Each structure stands twice: as C-alpha cells, then as structure tokens.
Amino acid sequence: MTRLASFTRMKELMTLHYLEAKTTKEKPIIWLTSGAPVEYVVAAGALPVYPENYAAMCAAGHQALRLLEAAEAEGYSPDICSYARTDFGQDLLRGGPAGGLPPPCALVCATNICRTVVKWFEAVARKYRVPLFVVDLPFLHDGLTRDAVAYALRQFEALAGFLAERTGRPFERERLFAAVALSRETTALWRKTLDLCRRRPAPITALDAFVHIAPIVTLRGTAACRDYYEALFREIEGRVERGEAAVPQERYRALWDNLPIWDRMRWLESFFAERGLAIAAATYPNSWAGIDAAAAGSNDPLEALAVSYLRLYIHSGFAQRAETLVRLIEEFSLTGFIMHSNRSCKPYSVGMYGLREEVSRRTGVPGVVIEADHNDPRQFTEARTITALEAFIESMEPLAG
Amino acid sequence: MFAFFHETLKDPLSRLADLRRNSGRPLIGVTPAYFPREWIHAAGGLPVSFWGAALPLSRADALLPPSCCPVSRSILEIELAGLTAELSGWVFTSLCDTLVNLREIFRGVSLRPTLVFPIPLASDPDCRRARLAALIPEVFEKLARMTGKAVTPDALAAAGRLYGDIRMLQRRLYETRRSRPRLIGARDFYAAIQADFFLDPAEYRLRLEALLDELANAAEQKELRAPQIFLSGMIAPPADVLVLLDRLGMPVVDDDFANGGRSVSRPVFSPEDPVGSLVQTLFGGRPCPCLHVPGIDRAAVFAATVRECGAHGVLFLPVRCCEPDAFERPVLNAALAAEGIPALTLEMEFESLPQESLRSRLEAFRDLLEESGR
Ligand code: SF4
Ligand code: SF4
C-alpha cells in the first residue's frame with residue numbers, strides 16, 4: 001500500500017478500539033452492521049463493535065480460511081456471505097487478530113447494505129440470547145421518497161428507546177447531535193480525501209482507501225475518528241502538492257466496483273503498479289462519505305442522517321448505480337472500470353454484468369468483470385484473474401495517459 | 001382425480017394466451033413470494049405465479065452470476081425467452097437480495113412494467129404498521145396503472161372471499177394429507193397445490209372442492225408402512241424428486257415450502273382491517289427465513305410442527321445458493337436433533353439432478369428411519 005504516516009495512527013486507533021472492546025467494564029457492547037446509524041449507539045454511551053470490520057481484518061491478515069472452515073463444519077453453507085461465515089468462525093475459535101470479538105449485549109442491524117445481515121444477526125442474537133433491533137431502510141428503486149425518510153426517522157426514534165432500555169440510561173439528544181456533527185465532519189473529510197484522487201497522478205489508490213475505511217466504519221461519531229481523517233486528508237493533500245504518485249508512471253486509471261478481495265490486496269497492488277494502473281476510484285469507500293452531502297438538502301441533522309443512510313450506492317436502483325459509475329468515470333478521468341463479481345455479496349453483484357455493458361456503452365471506456373469473493377480465498381483463481389485483467393489493461397491502451 | 005391438475009402444469013406457459021382470453025383479465029406475473037394475489041384480482045388482473053422452472057438457461061446466464069439461485073435464473077430465462085409475452089406486468093416482493101436486484105434487471109430487459117412491494121423488516125411493530133399503511137395505497141395505485149382498473153373496496157372484498165375460499169380448501173387438503181398421509185402421493189399433492197399458480201381462481205376453487213369431495217371417499221393404502229416424512233425448503237422440489245419419493249413409498253405428511261405450507265398457513269388480506277390483516281398475511285403463519293418476525297423462534301416452531309404432524313424424519317430440500325434458507329439450516333437441524341428426529345439434506349436444482357445418487361441417498365434415509373423404529 002502507499003506508504004502513509006497515518007497508517008501507524010490508524011493501527012493505533014484500531015488497536016485501542018479493540019482493546020477497549022475486549023476490556024471495558026463500563027460500556028455495554030453493541031454489535032452493528034456497517035450501515036447502521038452508529039451515532040445513536042455512541043450517544044447512548046455504548047461501544048459499537050462491527051463484525052464486518054473484524055471479518056475484513058481476519059481476511060486481510062490471511063486468517064479467514066480457518067474461520068470459514070470452522071463455520072462450515074458447524075453446518076453454515078458456503079452459500080452464506082463470507083463475512084458472516086468468518087464471524088461465525090471467529091466466534092467458534094476465538095480467532096482473528098483480537099482473539100475473537102467481545103460478546104454483545106444487544107445488536108443493531110440496518111438493511112441498507114443487504115438483507116443478509118438480518119439473517120446473520122438473527123443467528124448471533126440466538127447464540128448470545130440478546131435482543132436484535134433491525135433498522136429497515138428500504139431499497140431505493142426510484143430514488144429517495146418522503147415515505148422512506150419518514151420510515152427511517154420513525155425507526156431512529158424507536159432505536160433511541162431501545163438503546164435507553166439496553167444501557168439503562170436515558171437517551172440524551174444533545175449527545176446524539178454532537179455525534180452526528182462529528183460524523184458529518186468526518187464524512188466530509190473522507191469525501192475530500194477520496195476526491196483528491198481526481199488528480200493525475202492519483203496520490204493514493206482505492207486499495208489504500210479500502211484500508212483506511214476501518215476507522216470511519218468503526219469509530220464515526222467520535223472526535224478521535226474526525227481527527228484521524230483530518231490528518232489523513234492533510235497528509236494526502238501534501239502528496240498532491242508534491243506531485244507524489246501512488247503508482248509510478250501512471251498510465252491507466254480505473255474504478256473498482258464492489259468490496260475488495262481482502263486476502264489479495266498486496267497481490268493486486270503489485271499487479272496494478274507493475275502495469276501502470278492506478279485504481280483511482282471505488283464505489284465502496286463512498287458508502288461512508290455521504291452525511292455532509294445529504295445535509296446540504298436539509299436543515300434537520302437527523303433527516304440528513306436518514307437520507308445519507310438511505311442513499312447508498314449498493315442500496316439504489318440500477319439506473320442510479322449506472323449514473324454514479326458514469327459520473328465517477330468522468331470526474332476521475334478514468335480509462336476503465338473493474339467489477340468484482342463477488343460470490344458472497346448478492347446486492348452488489350447480481351446485475352453487474354448488465355451494468356458493465358451499459359456503463360461501457362455510455363462512457364466509451366472498457367470494463368471487466370472478475371469473479372472472486374471478498375473474504376473467501378478459495379473463490380479466487382489467480383490464472384483466470386490475470387488473463388481477464390491483462391486483456392482489460394490492453395483494451396484501455398487507446399485511452400492511456 | 002389429479003389428471004386435471006397435472007394437465008394444467010404441463011407446459012403452462014403455452015396456455016397463458018387462453019387464460020387471458022378466457023378470463024378477460026390482464027395477466028400479472030408474480031415472483032416469489034407473499035405478494036397478496038387478491039390485490040391483483042381486485043385490480044382486475046389475474047395473477048400467474050412463477051416459482052422457477054426447468055429449462056435451459058442460455059440467456060439468463062449472460063446476466064446473472066453463477067452464485068444466483070435457480071429460481072431467479074429460471075424466472076429471468078422465461079422472460080428473456082419471450083415465454084411471457086401474454087403478461088401485462090410483473091410484481092415483486094423484496095424477499096431476498098437476489099430478488100431485489102432481479103427486479104432491477106427486469107426493468108432493463110422487460111418490456112412490461114414491474115412493481116415491487118417491499119416487505120418491511122423493522123423490529124419495531126409500530127414502525128412496521130405505519131410503513132404498511134403507507135405502502136398499501138401506493139401498491140394499489142401502481143397495480144391500477146398496470147391493469148387499467150382501480151382497486152375498489154367491493155372488488156377487494158370479493159377477491160378476499162375468493163382467495164380466502166381457496167386458502168381454506170388448500171388447508172383442508174393439507175389436513176387431509178396430515179390425517180391420511182398414504183392417501184395422496186407427493187406428485188399428485190403438489191400438482192393440486194401448484195395448479196393454483198396458472199389457473200383462473202374461480203375454476204381452481206371448483207376443482208379443489210371436487211377433489212376434496214372425491215378424497216373424502218377414497219381409500220388410503222393402509223398396507224404401506226414406510227416412515228412418514230416432512231419436507232422443508234423454499235420451494236417444492238421438481239416433479240422427478242416427488243416421483244422418486246412416491247416410488248420409494250415415503251409418504252409426505254406435511255411441508256413448510258414458501259409455495260406450499262408456509263403460504264397456505266397464512267390468512268388472506270381483508271379490507272376491513274387492511275393493516276392488521278396485512279401484518280397477519282405477511283408475518284402470521286409458518287415462519288419463513290426471508291421474513292424477520294421479532295419474538296418468533298423458527299427452530300422451536302419448526303420442531304413442534306414436525307412433531308405434531310407425526311413425521312418420522314425431515315427432508316431438507318434447499319435451493320442451491322439460497323442464502324436466507326442456508327442461514328437457518330444449522331439451527332433447524334439442531335432443533336430436530338434435540339427431539340431425536342433424523343434429517344437429510346438434498347440440494348435442489350431444477351435441471352440435471354443426479355437421479356441415481358438421489359435415489360440411493362433417499363433409500364438410505366428411509367432405511368435409517370425404519371431401523372430407528374421411526
Ligand atoms: S458483503 Fe454484501 S452480503 Fe455480505 S454483509 Fe456485506 S453487503 Fe451484506
Ligand atoms: S430461492 Fe432463495 S435466493 Fe432464490 S429467490 Fe427464493 S429466497 Fe431468494
């Protein structure tokens with residue numbers, strides 16, 4: 001990955017977070033999905049823990065396979081999302097970099113990334129005999145609707161009540177507004193950081209962005225998280241000013257759609273760097289770059305929060321997804337796009353083949369689909385991926401810089 | 001007794017034109033699951049339900065990744081192959097991630113309008129109810145645009161009665177099977193249930209009434225002593241699996257298929273209490289892994305259902321790549337194991353099921369049940 005001083009700070013932050021999660025006596029542990037409104041949990045004085053983030057850490061550290069196999073031995077089919085299987089495995093073996101996650105006292109799950117998480121968290125709720133609160137955020141087939149926002153806000157209210165009950169403390173709205181304000185600042189900084197990759201050469205790649213999403217997924221709504229992204233932005237801005245490239249001799253610029261292949265990050269990084277390909281944009285890290293944009297259309301911070309949690313790329317109709325891809329290709333001056341058809345992630349991957357055709361037709365840039373899995377290394381075939389990516393790079397030649 | 005139902009299911013797509021002409025109603029394709037079909041009828045349409053089919057998947061494969069279930073693949077194939085030209089539109093629910101995206105794919109490839117009824121999953125019951133209250137008029141309006149006819153209270157009441165009658169008759173058929181499991185073979189039973197997908201409901205109601213009358217006087221094959229089984233999965237398996245069960249003399253006593261016992265156990269929509277009845281229509285009845293119902297322990301309900309119907313073993317028939325179903329198999333298996341009820345899992349495809357290996361595994365399961373005295 002691009003050598004960034006902030007990386008050390010990120011590792012520190014994440015280590016402290018997991019250390020606190022494993023040792024805290026005061027804060028109730030609440031497991032969340034990555035798209036859940038964590039600001040409520042922070043405001044309630046609880047400590048959020050994200051099994052998705054932990055599962056990604058397991059895979060990035062090449063520890064997922066053993067955990068997947070343990071879950072499968074318990075009867076969990078390989079048809080189940082590999083994040084969920086990794087989580088079941090870490091729970092069985094107390095595996096992964098933190099030696100397993102601390103047990104939850106409650107679960108909060110939002111359907112804005114998928115419906116899979118409901119099944120996953122139901123299984124956790126059964127195992128730990130803890131209550132599960134599902135925040136149902138409707139899929140936006142035709143863009144945002146007032147009904148969807150009203151439904152989300154109503155559930156946010158109910159969530160405040162649920163958390164007050166679980167923590168045994170009254171829910172304080174002032175603390176909620178403070179957490180939302182911090183999230184807004186943080187997501188705005190993250191947006192600005194990602195936008196720096198519009199510059200040629202790109203100062204970092206989306207592979208770096210994948211690594212640096214860990215704090216925004218896990219700690220948003222806190223000052224430490226905001227400070228981290230402030231520093232990250234400054235550091236990458238400095239790289240832009242000094243003309244430092246993530247990929248020396250950048251010739252091609254592509255977008256990555258879908259989750260990364262955590263186990264293959266370094267392999268992909270070298271493969272792309274050797275061929276002068278900078279992955280300058282990605283749809284996935286944008287998922288946590290929205291509150292500020294949503295707030296622009298609303299005076300009410302909670303409404304802005306609801307809108308930002310509803311308006312995720314993965315949770316939108318295909319017309320909207322195509323628009324987003326076309327816009328990113330134009331704004332980031334991309335010469336192509338890579339679609340990771342992720343065996344585990346149906347909301348991201350079902351329909352991808354058609355989207356590739358449409359986006360290529362509309363932009364005139366080539367796209368490639370590679371079949372793999374974000375957390376299950378057994379689904380990655382190196383030879384097949386190399387063949388597909390090399391052909392793709394060749395097809396970008398006429399657009400190369 | 002079952003010839004008419006089998007005939008209905010023999011190439012039903014080729015009869016859609018007749019169905020449309022004879023009923024005088026626009027046909028609306030219904031994808032899995034739980035869309036209240038009575039709403040379509042009340043809007044002047046005629047629902048035709050698609051739960052997947054065995055056909056070569058040349059076109060759908062170009063649009064769907066290998067990890068998609070055969071149900072969604074085959075429904076898309078039917079559409080892409082132009083076999084549904086008689087339909088005036090499609091309705092979807094948000095049952096699973098695959099279907100949510102499938103609806104988006106349909107918007108791109110189908111000439112027909114599509115609408116989606118997003119089934120709410122909110123934990124909070126008041127939020128759920130408020131959401132449903134907002135959704136009902138919205139869906140009615142979209143249906144009216146599809147059929148050209150507004151949903152009126154009278155039409156809703158009439159459709160509710162018609163589909164309510166069908167539901168009651170189907171429940172009687174299920175009860176008949178439970179009380180006399182050797183009376184009806186598996187292939188016949190599911191033909192009688194599935195003919196519902198492709199018939200005018202008024203005709204289906206008459207046929208079902210006649211069938212139940214005949215069954216009341218029919219004699220059960222008492223000499224068959226094979227163990228009784230309960231079938232579980234998202235959808236009833238292809239006919240060749242049912243034939244195999246019949247041949248092996250394994251009577252099916254009950255099931256919890258979304259296109260079987262799960263749907264039949266749900267009440268139909270009633271316009272007198274729209275929201276309350278819709279809550280029951282969607283979340284009442286046998287639990288489904290696709291629907292989040294706080295406070296319901298599906299494994300406990302499942303084990304109790306199996307025990308109460310007198311099944312000696314459970315045959316899980318999961319659809320390949322069906323994630324919601326896959327999540328619950330370990331806990332269902334554990335609940336059965338706690339009750340000492342044996343179970344076997346056979347993954348289902350529509351095509352190219354390995355008949356010989358299926359047969360030998362089923363035989364081994366039957367022998368196991370017999371030996372264990374069950
Ligand atoms: S990877 Fe996809 S399916 Fe799995 S939890 Fe994330 S969004 Fe859901
Ligand atoms: S079989 Fe499973 S994955 Fe396929 S459409 Fe039905 S619920 Fe969805």
Side-chain angles (χ1 to χ4, degrees), chain A residues 71 74-81 84 88 109 111 114-116 118-120 122-123 126-127 131-136 138-139 141 145 147-148 150-151 154-155 157-159 161-162 315-319 321 341-355 358 369 371 373 379, chain B residues 61-69 72 94-105 107-109 114-116 118-128 130-131 134-135 138 289-292 294 297-299 318-331 333-334 345 347:
Chain A
E74 282 288 295
Y76 288 106
S77 148
D79 288 340
I80 291 173
C81 166
F88 297 151
C109 152
T111 57
C114 61
R115 301 171 87 80
T116 296
V118 178
K119 302 311 304 167
W120 173 1
E122 280 176 353
R126 270 195 302 270
K127 166 148 190 191
L132 162 64
F133 190 96
V134 176
V135 182
D136 182 30
F139 187 95
H141 286 278
T145 63
D147 279 347
Y151 181 41
R154 204 181 242 270
Q155 292 178 81
E157 270 309 304
L159 175 61
F162 172 83
H315 205 49
S316 308
F318 288 178
R321 290 194 203 187
S341 175
N342 181 347
R343 189 182 193 283
S344 273
C345 189
K346 297 195 170 59
Y348 236 128
S349 309
V350 174
M352 203 170 230
Y353 299 171
L355 269 176
E358 181 180 347
V369 174
E371 305 287 343
D373 190 289
Q379 300 299 329
Chain B
D61 278 354
L63 289 175
L64 294 174
S67 56
C68 266
C69 71
S72 53
S94 54
L95 204 62
C96 65
D97 293 324
T98 301
L99 282 171
V100 168
N101 281 17
L102 189 69
R103 192 261 174 155
E104 287 298 312
I105 295 177
R107 294 173 103 180
V109 300
T114 61
L115 80 78
V116 65
I119 300 177
L121 297 177
S123 289
D124 183 81
D126 295 336
C127 293
R128 242 175 223 235
R131 174 76 175 150
L135 282 171
E138 187 187 313
C290 293
L291 304 172
H292 173 64
D297 177 351
R298 180 170 173 233
V319 173
R320 184 180 65 79
C321 291
C322 176
E323 197 188 37
D325 197 50
F327 265 106
E328 297 202 339
R329 232 168 300 136
V331 70
N333 268 311
T345 300
E347 195 169 75

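Within every chain, numbering begins at 1; the chains are lettered A, B, ... in the order of the sequence lines, protein sequences first and strands thereafter. The shown structure was predicted, so the numbers you read here are calculated from the model rather than taken from an experiment.
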Which heavy-atom pair separates [X] from [Y] by the least distance, and what is that distance?
| X | Y | result |
| --- | --- | --- |
| B:Arg329 | B:Thr345 | CD-CG2, 4.1 Å |
| B:Ala122 | B:Arg128 | O-NE, 2.5 Å |
| B:Cys68 | B:Cys321 | C-CB, 4.0 Å |

Select one option (side chain, backbone, both, neither) describing which atoms of [X] are under 4.5 Å from chain A's heavy atoms.
| X | value |
| --- | --- |
| B:Cys69 | neither |
| B:Val100 | both |
| B:Pro120 | both |
| B:Leu95 | backbone |
| B:Pro294 | neither |
| B:Ala334 | neither |

Side-chain donor/acceptor of [X] to backbone N/O of [Y], under 3.5 Å:
| X | Y | answer |
| --- | --- | --- |
| A:Ser341 | A:Ser349 | no |
| B:Asp97 | A:Thr116 | yes |
| B:Ser123 | A:Val134 | yes |
| A:His315 | A:Pro138 | yes |

Looking at [options], which has the largest count of heavy-atom pairs under 4.5 Å with chain A?
| options | result |
| --- | --- |
| B:Asp126, B:Asp124, B:Val331 | B:Val331 |
| B:Pro118, B:Pro66, B:Pro324 | B:Pro66 |
| B:Pro318, B:Gly108, B:Pro289 | B:Pro289 |

Could you tell me which of [options] has the largest number of non-hydrogen atom pairs under 4.5 Å with chain B?
| options | value |
| --- | --- |
| A:Lys346, A:Arg126, A:Arg115 | A:Arg115 |
| A:Pro78, A:Gly354, A:Gly317, A:Ala319 | A:Gly317 |
| A:Gly75, A:Ser77, A:Cys114 | A:Cys114 |

Measure [X] against the heavy atoms of chain B and call it side chain, backbone, both or neither at under 4.5 Å.
| X | value |
| --- | --- |
| A:Val118 | side chain |
| A:Cys345 | neither |
| A:Leu159 | neither |
| A:Glu74 | backbone |
| A:Ala84 | side chain |
| A:Phe318 | both |
| A:Glu371 | side chain |
| A:Tyr76 | both |

Subject >> Parallel, tilted or perpendicular: rings of A:Trp120 and A:Phe88 (30°, 60°) >> reply: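 Rings of A:Phe88 and A:Trp120: perpendicular, over 60°.
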
Subject >> Working for side chain to side chain donor-acceptor pair (under 3.5 Å), residues B:Arg103 and B:Thr114 >> reply: CA-CA 7 Å; B:Arg103 192 261 174 155; B:Thr114 61; 3.0 Å; yes

From [X] [atom1] over to [Y] [atom2], what is the distance, rounded to the nearest 0.5 angstrom?
| X | Y | atom1 | atom2 | result |
| --- | --- | --- | --- | --- |
| B:Arg131 | A:Arg154 | CZ | CZ | 12.0 Å |
| B:Leu102 | B:Leu63 | CG | CG | 10.0 Å |
| B:Cys96 | B:Leu291 | SG | CG | 11.0 Å |

